[in-house]
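Report on one structure; see the data block that follows.
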Amino acid sequence: MLFDQISNDIKEAMKAKDKVRLETLRNIKKYFLEAKTAPGANDTLNDDTAMKIMQKLVKQGKDTAALYVSQNRQDLADDELAQVTVIESYLPKMMTESELEEAVKSIIAQVGATCMKDMGKVMGTATKMLAGKAEGAKISAMVKKLLA
């Protein structure tokens with residue numbers, strides 16, 4: 001389970017005196033614990049939920065880094081991106097542009113979409129099938145490009 005892996009990796013990061021990794025993993029574990037103790041969670045956290053939490057943290061980290069860059073604070077942006085790199089090491093590899101295009105083409109064919117009016121149908125299927133493999137914004141841009 002991811003929760004146990006993160007807990008073990010915290011110990012390893014402490015031994016290695018890897019400050020960035022330790023801080024990042026502790027932050028992830030904090031979010032995991034919040035999810036485990038949320039109403040209805042029954043003190044459990046499955047790997048799917050854990051992955052969603054980490055994907056959200058990656059997106060937040062990238063957004064924050066972009067904000068820091070726009071404010072000429074590259075030092076803070078670098079810290080944020082270092083943490084994003086640690087989190088991404090636990091996530092499955094993202095699809096390349098060409099892999100995404102092929103997947104979206106097959107989804108469009110599968111749902112029988114022909115024009116932009118069908119974007120909702122395509123996006124509904126695509127976001128489920130490609131969850132964790134591609135960012136929502138990239139999926140949306142590819143669907144628009146192929147339906148246009």
Side-chain angles (χ1 to χ4, degrees), residues 1-10 12-13 20-74 76-148:
M1 276 186 64
L2 266 172
F3 183 83
D4 298 329
Q5 184 182 353
I6 296 290
S7 297
N8 289 332
D9 290 352
I10 286 173
E12 296 302 316
V20 172
R21 189 170 182 78
L22 179 61
E23 183 182 331
T24 305
L25 293 174
R26 282 182 171 160
N27 192 33
I28 292 170
K29 188 168 181 179
K30 178 187 77 143
Y31 282 99
F32 282 3
L33 288 170
E34 287 173 4
K36 278 181 83 163
T37 57
N42 299 327
D43 201 34
T44 58
L45 178 71
N46 63 33
D47 280 355
D48 285 347
T49 306
M51 284 288 182
K52 285 179 183 155
I53 291 170
M54 290 199 299
Q55 287 166 342
K56 183 177 175 187
L57 292 173
V58 165
K59 184 180 181 334
Q60 287 174 344
K62 287 180 178 178
D63 292 347
T64 302
L67 183 65
Y68 286 146
V69 168
S70 72
Q71 296 172 345
N72 294 322
R73 291 299 311 265
Q74 190 61 46
L76 296 175
D78 291 343
D79 292 345
E80 201 67 41
L81 292 173
Q83 290 190 22
V84 165
T85 302
V86 171
I87 300 168
E88 284 179 331
S89 69
Y90 291 91
L91 296 174
K93 191 176 175 299
M94 296 302 246
M95 295 177 112
T96 64
E97 193 77 18
S98 60
E99 290 171 333
L100 178 61
E101 186 170 351
E102 287 304 310
V104 171
K105 279 180 182 175
S106 85
I107 292 167
I108 288 172
Q110 179 185 333
V111 298
T114 55
C115 61
M116 285 302 287
K117 287 181 186 171
D118 299 325
M119 184 164 176
K121 283 196 294 190
V122 176
M123 283 301 295
T125 305
T127 49
K128 284 183 192 135
M129 288 180 65
L130 304 176
K133 298 176 189 167
E135 293 174 15
K138 287 185 178 177
I139 296 170
S140 177
M142 185 61 70
V143 170
K144 283 179 187 164
K145 177 181 151 191
L146 293 174
L147 286 179

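In this chain, numbering begins with 1 at the start of the sequence shown.
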Next on the checklist: Let's go through Met95 and Glu102 carefully: what are the C-alpha distance in whole Å and the side-chain angles of both, what is the deciding distance for side-chain contact (heavy atoms from CB on, under 4.5 Å) to 0.1 Å, and is it a yes or a no?
Outcome noted: CA-CA 10 Å; Met95 295 177 112; Glu102 287 304 310; over 6 Å; no
Checklist entry - Thinking salt bridges, do Lys62 and Glu135 make one under a 4.0 Å N-O criterion? => result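 A salt bridge is present here (some side-chain N lies under 4.0 Å from a carboxylate O).
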Checklist entry - Is Lys59 paired with Asp63 through a side-chain N to carboxylate O contact shorter than 4.0 Å? => result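 Salt bridge flag = yes for Lys59 with Asp63.
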Atom pair [atom1] ([X]) and [atom2] ([Y]), whose distance is rounded to the nearest 0.5 Å:
| X | Y | atom1 | atom2 | value |
| --- | --- | --- | --- | --- |
| Lys29 | Lys36 | NZ | NZ | 8.5 Å |
| Ile10 | Thr24 | CD1 | OG1 | 10.5 Å |
| Gln83 | Leu25 | CD | CG | 9.5 Å |
| Asn27 | Leu57 | CG | CG | 6.0 Å |
| Tyr68 | Leu81 | OH | CG | 11.0 Å |
| Asn8 | Phe3 | CG | CZ | 10.5 Å |

Looking at every non-hydrogen atom in both residues, tell me the closest pair between [X] and [Y] and how far apart they are.
| X | Y | answer |
| --- | --- | --- |
| Ala126 | Ile107 | CA-CD1, 3.6 Å |
| Gly61 | Glu80 | O-CG, 3.2 Å |
| Met123 | Ser140 | SD-CA, 3.7 Å |
| Lys121 | Val111 | NZ-O, 3.9 Å |
| Val86 | Arg21 | CG1-NH1, 3.7 Å |
| Gly112 | Asp118 | O-OD2, 4.3 Å |

Next on the checklist: Apply side-chain contact (heavy atoms from CB on, under 4.5 Å) to residues Thr85 and Val20 and explain how you reach the verdict.
Outcome noted: CA-CA 10 Å; Thr85 302; Val20 172; over 6 Å; no
Checklist entry - Can you find a side-chain donor-acceptor pair between Tyr90 and Asp9 that sits under 3.5 Å? => result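 Yes, because at least one side-chain N or O of Tyr90 sits under 3.5 Å from a partner of the opposite role on Asp9.
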Item to check | Intermediate values then yes/no, side-chain contact (heavy atoms from CB on, under 4.5 Å), Leu2 and Met54 | outcome: CA-CA 10 Å; Leu2 266 172; Met54 290 199 299; 3.8 Å; yes
Hey, is [atom1] on [X] packed in by over 12 heavy atoms from elsewhere, all under 6.0 Å?
| X | atom1 | answer |
| --- | --- | --- |
| Glu97 | CD | no |
| Lys133 | NZ | no |
| Lys117 | NZ | no |

Checklist entry - Can Val69 and Gln74 be said to form a side-chain contact (heavy atoms from CB on, under 4.5 Å), step by step? => result CA-CA 5 Å; Val69 168; Gln74 190 61 46; 3.6 Å; yes
Checklist entry - Going by heavy atoms in the side chains, are Ile139 and Leu100 under 4.5 Å from each other? => result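 Answer yes - side chains close enough.
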